[in-house]
Amino acid sequence: MPELPEVEVVRAGLAPAVTGSTITGVSVFDERALTRHGAGAADFVARLEGRTIASASRRGKFLWLPLATDDSALIAHLGMSGQMLLRAPDAVSERHERIRIHVDHPVHAELAVVFADQRTFGSLAVDRLVRDGATIVPTQVLHIARDPIDPFFDDLVFRAAVGKKKSAIKRVLLDQTIVSGIGNIYADEALWAARIHPETPADGLPTQAVRRILAEVRSVLAKALAEGGTSFDAQYVNVNGQAGYFAHSLNAYGQQGKPCPRCGTPIVRESFMNRGSHFCPKCQRRR
DNA sequence: GGGGGTTCCTGTACGC
DNA sequence: TGCGTACAGGAACCCC
């Protein structure tokens, strides 16, 4: 499940391969991969062919490739199982391949950027770039808050927003309009590290606890990034199809029944927001 | 308008 | 062996 570290690994892999390259052809095999592009496949293709990719950017779990000479970008959200793969232009079709974009790089020659997605929650689009404070972002990313490793992320604004929310702190961490990039895995891991029960009402948390949560969020994201992201199966891989290693470092997520690495109490899994919440019932007591 | 629940989707795991 | 069902979850959407 691609969260911030996984998307950043993909962005960093794409950047050197596609920056400065020209899009020579686009094939759409499944229009469900264009749910974020309302104008349809023909329009999507027309807006890309012949264009030059200027760079690769990211905010939270959104990734985009700004196009040279005007204010538009190819944006991508990987959803739960989306992959951006770099392949030889004549490479055989990937399993669940939805879109293939052929690019011609002045140094690396021809490449295929393949968007593959098993569960079809991810999608691509061509979107207009607009200014958001000190940053330029696609319009579809405007409502997404900055992520915790963004140099312009404002800790004070985050703490104030958390203090106004009556919802469970885990729901707040998953709310991409408050802080972006965090999904179920890293929310559970950060709350375990901060010793906070996932269902603690956000507005009841002392400032010190919110500070601790944010510090642990940053810590767990940085560690996952250093290990190439979290892979449980073939659902998340980098642009070369390789898995990340952070799954070996998980303390709470998916560890139900196993002893808490801190106190030995078995980790518990409870259903929360139609997904799993993993925590230590002793270290993370409900207030 | 805040809060919380539902929905979309498909491969895999598991029980009978 | 084969079938049916539960499960995984990001984000938009809907309803109260």
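The structure displayed is predicted, hence computed values, not measured ones. Chain letters run A, B, ... following the sequence lines, proteins first, then strands; residues in each count from 1.
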Please report, rounded to the nearest Å, how far the [atom2] atom of [N] is from the [atom1] atom of [X].
X: Gln140(A); N: dG10(C); atom1: CD; atom2: C1'; result: 14 Å
X: Asp188(A); N: dG10(C); atom1: CG; atom2: P; result: 10 Å
X: Gln83(A); N: dG11(B); atom1: CD; atom2: C1'; result: 13 Å
X: Phe272(A); N: dA8(C); atom1: CZ; atom2: P; result: 14 Å
X: Asp117(A); N: dA8(C); atom1: CG; atom2: C1'; result: 14 Å
X: Leu4(A); N: dA11(C); atom1: CG; atom2: P; result: 11 Å
X: Gln256(A); N: dC7(C); atom1: CD; atom2: P; result: 12 Å
X: Phe62(A); N: dA12(C); atom1: CZ; atom2: C1'; result: 10 Å

Side chains of [X] and [Y]: do they bring a donor and an acceptor to under 3.5 Å?
X: Glu227(A); Y: Ser249(A); value: yes
X: Thr139(A); Y: Asp127(A); value: yes
X: Arg36(A); Y: Ser123(A); value: yes

Are [Y] and [X] linked, directly or through intermediate hydrophobic residues, by side-chain heavy-atom contacts shorter than 4.5 Å (ILVMFWY only)?
X: Val103(A); Y: Val239(A); value: yes
X: Phe62(A); Y: Leu142(A); value: yes
X: Val10(A); Y: Ile101(A); value: yes

Under-4.0 Å side-chain N/O to phosphate OP1/OP2 contact, His143(A) with dA12(C):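 For dA12(C), OP1 or OP2 has a side-chain N or O of His143(A) closer than 4.0 Å.
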Shortest side-chain distance from Tyr253(A), nucleotide among dA8(C), dT10(B), dG10(C):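 Minimum distance to the Tyr253(A) side chain belongs to dA8(C).
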His96(A), nearest nucleotide to its side chain (from dG10(C), dT10(B), dA11(C)):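 Looking only at heavy atoms from C-beta outward on His96(A), the closest nucleotide is dT10(B).
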Secondary-structure notation, DNA chain B, from Watson-Crick and G-U pairs under 3.5 angstrom (| other strand): .|||||||||||||||
Touch class at under 4.0 angstrom, heavy-atom based, for Gly276(A) against every strand present: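 If one applies the 4.0 Å heavy-atom cut-off, Gly276(A) turns out to touch the sugar-phosphate alone, with no base involved.
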Lys/Arg N to Asp/Glu carboxylate O, Asp43(A) vs Arg47(A), below 4.0 Å: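 Salt bridge flag = yes for Arg47(A) with Asp43(A).
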Side-chain heavy-atom pair Arg218(A), Phe153(A) within 4.5 angstrom cut-off: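 In short, these two side chains touch, coming nearer than 4.5 Å.
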Base versus backbone protein contacts along nucleotides 2-9 of chain B [heavy-atom cut-off under 4.0 Å; B, S, -]: -SBBBBBB
Stepwise salt bridge (Lys or Arg N to Asp or Glu O under 4.0 Å) check, Asp70(A) with Arg51(A): CA-CA 10 Å; Asp70(A) 78 357; Arg51(A) 308 296 305 281; 2.8 Å; yes
